[in-house]
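Below: the structure, in structure tokens.
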Protein chains: 4
Amino acid sequence: MNSGSRQQALVEAAFNCIAARGFEGLRLREVAKEAGIDHSTLHHYFPTKEDLVAAVVEHATRQFWKTMPPQPSAAATVRYHLAVLADMIRARPELFAVLRELDLRAARDARIAEVVTRSERGWHEALRGVLAEALPGADVAATADLVISVARGVSLAPDQAPAVFAQLEVLLDLTD
Amino acid sequence: MNSGSRQQALVEAAFNCIAARGFEGLRLREVAKEAGIDHSTLHHYFPTKEDLVAAVVEHATRQFWKTMPPQPSAAATVRYHLAVLADMIRARPELFAVLRELDLRAARDARIAEVVTRSERGWHEALRGVLAEALPGADVAATADLVISVARGVSLAPDQAPAVFAQLEVLLDLTD
Amino acid sequence: MNSGSRQQALVEAAFNCIAARGFEGLRLREVAKEAGIDHSTLHHYFPTKEDLVAAVVEHATRQFWKTMPPQPSAAATVRYHLAVLADMIRARPELFAVLRELDLRAARDARIAEVVTRSERGWHEALRGVLAEALPGADVAATADLVISVARGVSLAPDQAPAVFAQLEVLLDLTD
Amino acid sequence: MNSGSRQQALVEAAFNCIAARGFEGLRLREVAKEAGIDHSTLHHYFPTKEDLVAAVVEHATRQFWKTMPPQPSAAATVRYHLAVLADMIRARPELFAVLRELDLRAARDARIAEVVTRSERGWHEALRGVLAEALPGADVAATADLVISVARGVSLAPDQAPAVFAQLEVLLDLTD
DNA sequence: AATGAATGAGTGTTCATTCAT
DNA sequence: AATGAATGAACACTCATTCAT
């Protein structure tokens, strides 16, 4: 087993701990145990807890953000994006729970704030681009923020995701 | 000083700690110190940390939820509600940050889940009532969930609250 | 048992550990055990290890320095002082070993340097005063430094203390 | 680079660590890093930390003790010796700080005590020989111990070395 | 020789909780 | 109620040492 996979295993174990018990429930010994190594070996890969957390933050944001695949029309691209979002939130609620923990922590941790901001900037820009085409005349910046707010908010109640995104789609009037 | 106000002071101190440093940064000694009492004395009012947290949860949800004051029309009532929401989120971001921490914790703490659910149910019902009148023919349940999702999501980026709620109002087409 | 004696007991236990195993062998758990309390209770009295060490430093320097009791003549006072020094070093070699550890540590710890310097200053001044009277015409500052150097040096080989101080007395020609 | 020089480099690196941070601050990883090798490789040269320390002890005592070069007269030899001592202490205070750490450690480590004793014995004998000639009638054993005590003591306050040794020379009345 | 991974005992420190007064 | 003392389990982190290559 090479060192890359060990680090990866540790990050995933840490991610699972955070998903299950929140940041406050993150215990290095438990992470190491789940990854099948001694807890002091963990420090060989991540000298401090903060370093591990930083890796988890990168991991979580990278997992979330996938490019928006172009569809026959801009409106279709937006509709598809909303549908994918709804599906992801339902399929992987823990990922989104962790992302929301990150949002909260960003307010008091500059290191996290930077990653979160960077991650959101990309999403926001992509959203603005496709919304400008799909909804000419609309306030695309505010609309992008609205979409992101809905995604954030509904990931705190994952079961509602399909209905909420469907309703958002109706309101946006995304006809070709 | 009667015991009621002592408890109140402790709950507020705890709330402030959570707002400032999150649940993971809640220290009983610090709460007691901020309330001006010995940390052992705190246990006379709240036997365990969990009890204090429960009180904070009640405190936070009570603070948030205020009845929706009726306006000349149902549409005006909704518009007013959205505006109040935007104002509150901007004025008291810590309150909403704590409420979001609660949403996250509800997923792993049944005691919190119960309070959060109860609080949301009231809000949801009130919203459905006024939306049914303001937007006849609309899917009021989904719309109420959408409004709540937006409020939740935007409280993670409080600065965007006015613009996002304004955009939501536009999409809802809330004319009299 | 009042808190004063507890602190005293802890300081003495810490002193004994340092005397027996040096600063590098100072273990908080062991100190607490020797004082008969739980190791975390120690932090109730001394929040950090550094605080405990500071108290030990004060304790050690205070123990050493006792005023020079005046004798019939200045020369007799110096002779008596040297004799007392020789006796103390033989009687309590660990105390002087700890004081020498302090001298060494003072080079890399400003907090210790301050206490050591303060302690030595008093000694040096008293020595200069009585030497000026006992040995008119001598370089009292250099002689005082010499006496202190001898005391320091011989405390690293306590058995030689009587002989070395006796020889120093001879050289100083301390006749009335 | 042959293994002899590697060992030498490690010993010197260890010596520097002890000089800078004391025995308690001696870290094998740091020593290895300063010597430019992996910390595991260090164990090929010195199986245990104690072995490295033993080598440092030899190194330090060997560095100090250099034979007393004969001068025109025995008194001049002693005077020269004191002057060299004063110069060395001022020029290389860290060496003498380490030697004093060794004296202290000798009290609780037989392995170190042996080296320290052996080193001192040579010095003491040489001193007795030349003192017997320079100061006929004096208690040469006690005087040699006195000189050694002064050297030890003043190396804890290196700045005073010249003045203290000058004063010792005066008291010894080392005229030809 | 040389290395990076791995270990485990141990280090100071924290903190909710309980006890005695 | 109120306090300060006391507890013990848990924590992140350190470090000499060993193992596999």
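Each chain gets a letter, A, B and so on, in the order the sequences are listed, and its residues count up from 1.
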Given side chains that start at C-beta, do those of [X] and [Y] come closer than 4.5 Å, heavy atoms only?
{"X": "Glu30(B)", "Y": "His39(B)", "value": "no"}
{"X": "Tyr45(D)", "Y": "Leu52(D)", "value": "no"}
{"X": "Gln63(D)", "Y": "Glu58(D)", "value": "no"}
{"X": "Arg6(A)", "Y": "His44(A)", "value": "no"}
{"X": "Arg100(D)", "Y": "Arg100(C)", "value": "no"}
{"X": "Lys33(C)", "Y": "Arg27(C)", "value": "no"}
{"X": "Phe46(B)", "Y": "Val11(B)", "value": "yes"}
{"X": "Glu120(A)", "Y": "Arg152(A)", "value": "yes"}

Can you tell me if [X] touches the phosphate of [N], counting only side-chain N or O atoms and a distance under 4.0 Å to OP1 or OP2?
{"X": "Tyr45(B)", "N": "dA2(F)", "value": "yes"}
{"X": "Arg6(A)", "N": "dG4(E)", "value": "no"}
{"X": "Thr41(B)", "N": "dT3(F)", "value": "yes"}

Could you check how far [atom1] of [X] sits from [atom2] of [N], rounded to whole Å?
{"X": "Asp38(A)", "N": "dG8(E)", "atom1": "CG", "atom2": "P", "value": "6 Å"}
{"X": "Leu42(B)", "N": "dA2(F)", "atom1": "CG", "atom2": "C1'", "value": "12 Å"}
{"X": "Lys33(B)", "N": "dA16(E)", "atom1": "NZ", "atom2": "P", "value": "14 Å"}

Given Watson-Crick or G-U pairs with both distances under 3.5 Å, what dot-bracket string fits DNA chain E, with | for other-strand pairs and [ ] for crossing? .||||||||||||||||||||

Please name all residues satisfying salt bridge (Lys or Arg N to Asp or Glu O under 4.0 Å) with Glu94(C), sequence neighbours left out, ordered by chain then number.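 Glu94(C) satisfies salt bridge (Lys or Arg N to Asp or Glu O under 4.0 Å) with Arg92(C) only.
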
Under 4.0 Å, heavy atom to any atom of DNA chain F: which of residues 49-58 of chain B qualify?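 None - not one residue of the stretch has a heavy atom sitting under 4.0 Å from the strand.
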
May I have the step-by-step check of side chain to side chain contact (heavy atoms under 4.5 Å, CB included) for Glu101(D) and Glu24(D), ending in yes or no? CA-CA 10 Å; Glu101(D) 297 249 17; Glu24(D) 59 182 306; over 6 Å; no

If the condition is ring pair (Phe, Tyr, Trp, His ring centres under 6.0 Å), which residues does Phe64(D) pass it with, not counting sequence neighbours? Phe96(D), Trp123(D)

Strictly below 4.0 Å, N to O, side chains only: are Asp51(C) and Arg111(C) in salt-bridge contact?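 Salt bridge between Asp51(C) and Arg111(C), a charged N being under 4.0 Å from a carboxylate O: yes.
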
Presence of salt bridge, Arg29(A) and Asp38(A), under 4.0 angstrom: no

Shorter than 3.5 Å, N or O on both sides, protein versus nucleotides 18-21 of chain F: list them out with atom names.
residue, atom, partner, partner atom, Å
dT18(F), O4, Ser40(D), OG, 3.4

Of all of residues 24-32 of chain D, which get a heavy atom below 4.0 angstrom from DNA chain E, listed by number?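 Heavy-atom cutoff 4.0 Å gives Arg29(D).
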
